[in-house]
J.: 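Have a look at this one before I ask anything.
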Protein chains: 2
Amino acid sequence: MQAKRNFSAKREAIYQTLASTKTHPTAEWVYEQLKPKIPDLSLGTVYRNISVFREMGLAKSVGVVNGQERFDTDMSKHSHFVCSKCFKIIDVPKGKNFVDSNIYEYVERECKVKIENHSIMFYGVCRECENVKD
Amino acid sequence: MQAKRNFSAKREAIYQTLASTKTHPTAEWVYEQLKPKIPDLSLGTVYRNISVFREMGLAKSVGVVNGQERFDTDMSKHSHFVCSKCFKIIDVPKGKNFVDSNIYEYVERECKVKIENHSIMFYGVCRECENVKD
DNA sequence: ATAACAATTAAGAATAGTTATCGTTTTGAG
DNA sequence: CTCAAAACGATAACTATTCTTAATTGTTAT
């Protein structure tokens, strides 16, 4: 009778690594972090387990940036900023209503659709990249 | 000294095809549309020219949906709805302010970044898919 | 313990989308 | 028309991701 999950060692390690950062990493980054500690880990296992986490509602995709999918274990509704130069993704703190409450209604009526959720992405340049000459 | 653009026949055809639809097509879709009319067209040419259009500011990427990049020649600021079942992308009519005017300021301060633009994506199910049993 | 069965895994092959290369052809300015 | 630059087709290369298979590990019942 355990309400808690009981992951295999590797699955647990993959989840912990994914959850340990706010950088919204790629599958490959997770793989590279763990490979030294778990030499017999394969990239396919990382991909497969991230899919498992997604199905379980423990992780989600933040989108494809520069050709690679980025993941997040923070399942709360929040927006992201993407730096166009270094492709860093930064969480936008909650605490402000970004879209008016009647927007869903408006879009559903105009587009004749049923909206389940939405995402806002801000694009620009982060502070570090701003201070770098090209 | 010509202010007007003077595309090659193929480039023009690719642009026209891309611009002829509001479905936000993939490169492959454009290729399939033109292939019967232009049998010696290659998919690489479509990709190459879409890149050219992007550099010229004549087209942009709407994002990667179901693993394929989707393009749009409507360069005006507008949002999109993506159907999670059929991956149709629908333009959201402008005419409503989706984000409060002071949002940029807030995000720039909180995230310490410089925002250049943003995009809002709505996800859900379109009317056609809603009426289909799984 | 052990047998039976299920879940997880590694490895790498396979796939799919996209980009790069490289001779060849087309284009258009002079 | 001439000729260099631009664009092209074909295909190889590349990258991210998924799939397959067989082996390993974990679990449960006996």
J.: Could you tell me which non-hydrogen atom of A27(B) sits nearest to which non-hydrogen atom of V46(B), and how far apart they are?
T.: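 So the two residues come closest at O-CG1, 3.5 Å.
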J.: Output every pair passing salt bridge (charged side-chain N to carboxylate O under 4.0 Å, His left out) with a member in residues 51-70 of chain B, not counting sequence neighbours, ordered by first then second residue.
T.: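 Qualifying pairs: R54(B)-E69(B).
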J.: Is the side chain of D72(B) donor-acceptor paired with the backbone N or O of D74(B) at a distance under 3.5 Å, no angle test?
T.: yes
J.: Tell me the interatomic distance from E55(A), atom CD, to dT18(D), atom P, rounded to whole angstroms.
T.: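 Computing the E55(A):CD to dT18(D):P distance gives 11 Å.
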J.: Please indicate whether K77(A) has more than 12 foreign heavy atoms, meaning atoms of other residues, nucleotides or ligands, lying under 6.0 Å from its NZ.
T.: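 At most 12 heavy atoms, drawn from other residues, nucleotides or ligands, come within 6.0 Å of this atom.
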J.: Atom CH2 of W29(B) and atom P of dG17(C): how far apart are they, to the nearest Å?
T.: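 Answer to the nearest Å: 17 Å.
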J.: Got more than 12 heavy atoms from elsewhere within 6.0 Å of NZ, K22(A)?
T.: no
J.: Without decimals, in angstroms, what is the distance between R70(B) CZ and dG17(C) P?
T.: 12 Å
J.: What integer distance in Å separates M56(B):CE from dA6(D):P?
T.: 13 Å
J.: Can you tell me how the ring of H24(B) sits relative to the ring of H78(B), calling it parallel under 30°, perpendicular over 60° and tilted otherwise?
T.: tilted
J.: Write out a two-atom table: protein N or O, nucleotide N or O from nucleotides 23-25 of chain C, distance below 3.5 Å.
T.:
none

J.: Give a yes or no on whether E105(A) atom CD has more than 12 heavy-atom contacts from other residues, nucleotides or ligands under 6.0 Å away.
T.: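 No, CD of E105(A) has 12 or fewer neighbouring heavy atoms, counting only those of other groups under 6.0 Å.
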J.: For a quick check, with a 4.0 angstrom heavy-atom cut-off, what is the B/S/- contact string for nucleotides 7-16 of chain D, read 5' to 3'?
T.: SBBB-----S
J.: Angle between ring planes, F122(B) versus H118(A), binned at 30° and 60°: parallel, tilted or perpendicular?
T.: tilted
